Amino acid sequence: MKVLHEISEVRDARKQCKSTLGLVPTMGALHEGHLTLIRKSVEKCSQTIVSIFVNPTQFGPNEDYEKYPRTVEEDLKKCEAAGADYVFLPTNQVIYGTEKPLVTLNVDKEMTSILCGKSRPIHFNGVAQIVSILFNIAQPDVAFFGEKDYQQLTIIRKMVADLHFPLEIVGVPTVREESGLARSSRNRYLSEAELAVAPNIYKVMNIIKEKANSLHAKNETVPVETLENEAKKMISELVPGSKIDYFEIRSTNDLKRSENLAADSRIFTAVYVGTTRLIDNLYIGK
Ligand code: PAF
């Protein structure tokens, strides 16, 4: 496995790769979720490049950019063991230069004012910017993203279609701990007590899914707000010290809301457990 720091090195690697190149963009602090993305790429593509870059433009002023875990040495070992051919490890200077960019990307308010966008208004513009920069640098045939960040995945798919990026986006199902807790780099911020209660978020999501499915089996109309309120009450009780950012049921395809459960409904949630913000989602269908 080769570690690349410069754009010219990535471009050379791209030129040398005569068949499919897979890109796995990450911010490091790699866990089983990321390694699943890398393994998927290794399986599907002839060569795989992992990027590790904690992207400053997707963090708001009061978010955890400075504190975000940086574990490069361990990450490199994990990438190699998962079968990556290259790791791209750029500095801020390599990606953004020293001057303020004149052209940036703006994701439509329709997407950035809902779910995670509500409390992180600049986040998805920063994600769109860095992902498109990485696509332009590596020119992959396929890029892999986790379904855990479902809103991000939806926005990236639409961006690729809107801007005609010549590549395929593969979404990979969320990897969970045995307890059900979705793997996340931020789980390492959780104290033991918080780790013990955080899996209850996924438990509540499943209770709501089952309830929705059984009501639907009885041909009852299912107002999503009733289910959402029930879920919020359960989370407040089962996850002491938590603060719910949102718990919403929306369409899997376009993240739109409808009054009653739709054919492609999905649960989306973000909950602060202590000071750590955890997100998750679960398909419920109808
Ligand atoms: O999902 C992430 O880790 C980041 O948002 C991404 C896609 C690597 C862009 O910085």
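These numbers come from a predicted model, not from an experiment. Start at 1 and go down the list; that is how both ligands and their atoms are numbered. Both backbone and side-chain heavy atoms feed into the values below; hydrogens, waters and symmetry mates do not. Residues: numbered from 1 along the sequence shown.
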Legend entry - Arg176/Glu32 ion pair, N-O < 4.0 Å: no
Legend entry - Aromatic ring proximity Phe268/Phe247, centre distance under 6.0 Å: no
Inset, instruction - Nearest 0.5 Å please: distance from the CD1 atom of Ile201 over to the OG atom of Ser242. - result: 7.0 Å
Output block, N or O contacts of ligand 1, threshold 3.5 Å exclusive:
from: ligand 1; atom 1: 1 (O); to: Gln152; atom 2: NE2; distance (Å): 2.9
from: ligand 1; atom 1: 5 (O); to: Gln58; atom 2: NE2; distance (Å): 3.0
from: ligand 1; atom 1: 5 (O); to: Gln152; atom 2: OE1; distance (Å): 2.7
from: ligand 1; atom 1: 10 (O); to: Gln58; atom 2: OE1; distance (Å): 2.7

Legend entry - Distance-only side-chain donor-acceptor flag, Asn213 / Glu210, under 3.5 Å: no
Inset, instruction - Not counting sequence neighbours, list each pair that qualifies as a ring pair (Phe, Tyr, Trp, His ring centres under 6.0 Å) and has a residue in residues 20-55. - result: His31-His34
Inset, instruction - Return yes if some donor-acceptor pair links the side-chain N/O of Ser41 with the main-chain N/O of Thr48 below 3.5 Å, else return no. - result: no
